[in-house]
Amino acid sequence: MAASSSSSSSIKPIFTTRSKSSNSSKSSLLSFLHNTNPKPISLKFSSHNSNYTTPPSFTIRNSLQTALETSELPVSKFQDDLNLQAVTPKPTILVSEKLGEAGLAILRSFGNVECLYDLSPEALCEKISQCDALIVRSGTKVTRSVFEAANGKLKVVGRAGVGIDNVDLQAATEFGCLVVNAPIANTVAAAEHGIALLASMARNVSQADASIKADLVKCMPRTATDRKWLRSKYVGVSLVGKTLAVMGFGKVGSEVARRAKGLGMNVIAHDPYAPADKARAVGVELVSFDQALATADFISLHMPLNPTTSKIFNDETFAKMKKGVRIVNVARGGVIDEEALVRALDSGVVAQAALDVFTEEPPAKDSKLVQHENVTVTPHLGASTKEAQEGVAIEIAEAVVGALRGELSATAINAPMVPSEVLSELAPYVVLAKKLGRLAVQLVSGGSGIKSVKLIYRSARDPDDLDTRILRAMITKGIIEPISASFINLVNADFTAKQKGLRISEERVVADSSPEFPIDSIQVQLSNVDSKFAAAVSENGEISIEGKVKFGIPHLTRVGSFGVDASLEGNLILCRQVDQPGMIGKVGNILGEHNVNVNFMSVGRTFRRNHGIMAIGVDEEPNQDSLKEIGKVPAIEEFVFLKL
Ligand SMILES: NC(=O)C1=CN([C@@H]2O[C@H](COP(=O)(O)OP(=O)(O)OC[C@H]3O[C@@H](n4cnc5c(N)ncnc54)[C@H](O)[C@@H]3O)[C@@H](O)[C@H]2O)C=CC1
Ligand SMILES: O=C(O)C(=O)COP(=O)(O)O
């Protein structure tokens with residue numbers, strides 16, 4: 001057995017989507033859960049040390065409880081355990097901007113839908129504390145104040161479109177609120193609008209149209225021969241044979257590229273993250289940023305707005321462009337320094353611009369950019385086709401309903417996207433992970449602050465084939481929730497751990513077991529803490545416990561240096577005793593006398609007649625008297641009662 005490892009020294013960012021995500025996995029994700037009208041019940045936990053109640057928003061379905069008590073843990077039954085969201089019988093969904101009817105119908109079949117357009121920021125904050133979900137387009141700013149005002153009620157924000165720059169993702173994550181978007185359905189609409197702007201800009205369509213109409217009004221009483229018919233003023237430029245630089249070769253950018261090739265343009269693209277073979281397949285050469293600027297006759301912008309791309313087109317970068325370049329922007333206004341663009345237009349460096357998006361929408365009435373005669377503008381119409389709006393509405397409605405059911409969304413922005421097949425396979429390990437976390441924290445003696453947690457996964461799988469993000473989140477949940485009021489879910493697990501100064505590292509150890517099972521064992525180690533059960537401390541001085549899944553049931557298989565085999569169900573008593581005959585009977589009798597049913601016992605020992613530990617599974621919580629009596633048995637050196 002080789003002990004190789006790939007280790008991440010600290011918490012990894014969770015803002016990732018997996019390339020394995022696919023529509024098929026999405027549709028199966030959406031289809032596998034149909035727990036209609038689940039009746040929520042509250043779970044209460046208490047330990048001998050402290051009483052803790054789950055935060056008010058945490059509810060769990062009856063069906064899950066049953067599932068957790070059975071050996072079979074189908075994915076649909078353990079969704080709540082992932083705790084993406086609490087489920088309420090009939091969630092309230094606020095739609096703050098116009099959404100297609102087909103999407104509204106899906107939402108109405110699931111919850112109470114309120115369509116309140118044009119809410120002021122204050123009115124939105126006032127309303128939001130009554131809403132489980134909020135659906136927006138680009139016009140609603142979902143700020144930190146909105147999440148604060150939600151007071152924990154808001155579970156999901158659905159962005160009916162692609163760009164999520166109007167949602168404060170950091171705040172959403174901190175508040176454990178899932179953000180999902182609809183990244184597919186408006187791609188073609190945006191690409192078509194880009195092409196429409198490209199062609200109309202090159203041929204001065206909007207300027208010529210406006211001049212004729214203005215003249216018609218002005219010249220009403222005059223003769224036809226007096227009227228302006230500015231054929232020479234609006235001579236345009238041809239597209240064929242010209243070089244178009246597509247900046248951002250994602251979904252929209254690649255569709256624009258395809259269409260521009262059809263118009264006979266020479267298309268190049270700049271995108272630091274686009275795979276070269278994807279570009280090659282469309283017949284597009286990927287070039288550097290500067291090369292794109294220096295070569296292009298036309299530049300079309302299709303990157304997201306983020307701190308890296310904000311005002312990426314500025315005085316300095318305009319200066320690198322070919323004189324007389326023409327720019328189209330259907331991405332986001334903020335990627336351009338608009339004042340610099342006015343200067344570039346005035347100096348003739350930029351001959352024309354066609355803009356669908358602006359830093360401020362709608363732009364100020366006195367905007368020099370909008371008033372510029374060489375600028376064509378549209379009011380953020382990229383996604384506004386009937387087809388796209390219906391598609392986006394359905395896409396976002398399905399994502400939001402799925403999230404409210406507790407599913408892992410295929411379009412989650414601030415949570416790991418885990419394909420359904422991976423989820424299904426990891427189901428029992430998710431339960432194991434949470435129980436190990438919960439168990440480990442109960443072994444810490446009061447006052448020791450946990451700072452460092454190490455998770456060791458033994459697996460015969462290649463590290464790339466093992467997605468441990470859910471497991472890490474669930475162990476974190478198990479550790480943090482019992483000792484704080486925090487509600488932990490997949491969205492905020494890493495963030496909350498960081499906030500609490502908890503350093504979580506992961507290690508994978510190659511096991512020589514069968515790769516048929518994703519994981520052989522999970523070990524949780526807490527370092528630099530004192531334990532209330534000294535036997536749980538390994539030779540290395542850490543609290544260390546290990547668990548495995550056996551026949552679908554999570555088992556505790558090691559405590560400190562002692563091997564045990566206890567199924568992690570109900571409650572557990574761990575005793576360290578001098579290894580001698582009769583111990584099982586003595587403890588069993590005490591529990592029996594107090595009407596506590598023992599469902600299993602497992603004994604582990606260092607070596608014969610030395611020290612041993614007993615793991616005793618009990619259905620009921622023993623009262624203080626019975627625990628005291630156990631403590632008085634002379635051979636028992638220490639014991640601890642643990643709630644799983
Ligand atoms: N005007 C409108 O109504 C619409 C606007 N959009 C906007 O269009 C943009 C693109 O949307 P999609 O293609 O769907 O997104 P996408 O995520 O599929 O593509 C964006 C591409 O930009 C690339 N990128 C990131 N940083 C870059 C950088 N610094 N330089 C160059 N490329 C960079 C990414 O690698 C990615 O390939 C977004 O800003 C979106 O909000 C999308 C739909 C409608
Ligand atoms: O999807 C996007 O990124 C868009 O910009 C579309 O915005 P809208 O939904 O039309 O306000």
Side-chain angles (χ1 to χ4, degrees), residues 13-18 21 26 29-30 57 79 82-87 91-97 99 103 107 110-111 121 124-125 127-129 131-186 250-251 304-307 332 383 392-418 469-470 473 487-496:
I14 59 169
F15 301 97
T16 49
T17 49
R18 279 167 58 90
S21 78
K26 181 189 166 196
L29 263 176
L30 293 179
S57 59
Q79 281 296 319
L82 296 176
N83 262 322
L84 265 179
Q85 306 301 333
V87 175
T92 298
I93 303 165
L94 174 63
V95 180
S96 70
E97 288 176 75
L99 195 71
L107 296 173
F110 184 73
L124 175 61
C125 284
K127 180 77 197 161
I128 203 70
S129 62
C131 305
D132 299 278
L134 168 66
I135 297 185
V136 301
R137 288 177 59 185
S138 60
T140 308
K141 302 272 173 278
V142 192
T143 59
R144 178 171 289 275
S145 309
V146 174
F147 293 106
E148 280 166 359
N151 211 9
K153 171 92 168 147
L154 187 65
K155 323 287 185 317
V156 55
V157 172
R159 177 8 180 153
V162 183
I164 31 84
D165 43 283
N166 52 325
V167 180
D168 187 334
L169 277 182
Q170 179 61 34
T173 303
E174 287 176 27
F175 284 87
C177 180
L178 186 70
V179 180
V180 292
N181 72 348
I184 310 290
N186 68 21
K251 294 183 297 297
L305 174 62
N306 57 37
R332 281 295 176 269
V392 161
I394 293 169
E395 200 178 357
I396 201 63
E398 287 184 343
V400 167
V401 166
L404 287 171
R405 284 181 172 143
E407 295 172 16
L408 290 169
S409 170
T411 62
I413 303 292
N414 60 346
M417 210 308 283
V418 185
R469 290 171 300 177
I470 297 184
F487 162 69
I488 315 284
N489 64 9
L490 269 180
V491 174
N492 66 2
D494 282 351
F495 174 80
T496 312

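Bear in mind the structure is a predicted one, so any value in this text is a computation, not a measurement. For the numbers below, each heavy atom of this structure counts, side chains included, while hydrogens, waters and symmetry mates do not.
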Could you walk me through whether Thr173 and Phe147 pass side-chain contact (heavy atoms from CB on, under 4.5 Å), step by step?
-> CA-CA 10 Å; Thr173 303; Phe147 293 106; over 6 Å; no
Verify side-chain contact (heavy atoms from CB on, under 4.5 Å) between Leu404 and Phe110, making sure each step is shown before the conclusion.
-> CA-CA 9 Å; Leu404 287 171; Phe110 184 73; 3.6 Å; yes
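In this view, Ala160 and Leu99, Ile135, Arg137, Val392, Ile396 satisfy the side chain to side chain contact (heavy atoms under 4.5 Å, CB included) rule, not counting sequence neighbours. Scanning for side chain to side chain contact (heavy atoms under 4.5 Å, CB included) contacts around Asn181 gives Arg159, Ile164, Pro183, Thr411, Ile413, with sequence neighbours left out. When the side chain to side chain contact (heavy atoms under 4.5 Å, CB included) test is applied to Val162, the partners found at least two apart in sequence or on another chain are Asn186.
In this structure, Ile128 CD1 and Ser145 OG are separated by 12.0 Å, a value rounded to the nearest 0.5 Å. With rounding to the nearest 0.5 Å, the separation of CD in Glu148 from CG in Leu154 is 13.0 Å. Rounding to the nearest 0.5 angstrom, the gap separating the CG atom in Leu124 from the CG atom in Leu94 is 6.5 Å. Separation of atoms CZ (Phe175) and NZ (Lys155) is listed at 14.5 Å; rounding is to 0.5 Å. Considering CG of Leu107 and OG1 of Thr92, their distance stands at 12.0 Å, rounded to 0.5 Å. One distance of note links CG of Asp168 with CZ of Arg144; it measures 5.5 Å at 0.5 Å rounding.
Taking all atoms of both residues into account, the shortest heavy-atom contact from Val179 to Ala172 is CG2-CB, 3.6 Å. Nearest heavy-atom pair across Ala149 and Cys125 is CB-O, 3.4 Å. The minimum heavy-atom distance between Leu178 and Ala403, with the atom names listed, is CD2-CB, 3.6 Å. Of all heavy-atom pairs between Pro91 and Asp132, the closest is CA-OD2, 3.3 Å. Across all non-hydrogen atoms, the minimal contact from Val400 to Ala133 is CG1-CB, 3.8 Å. When all heavy atoms of Leu490 and Ala473 are compared, the pair lying nearest together is CD2-CB, 3.3 Å.
A distance-only check finds a donor-acceptor pair linking the side chain of Asn489 to the backbone of Gly176 [under 3.5 Å].
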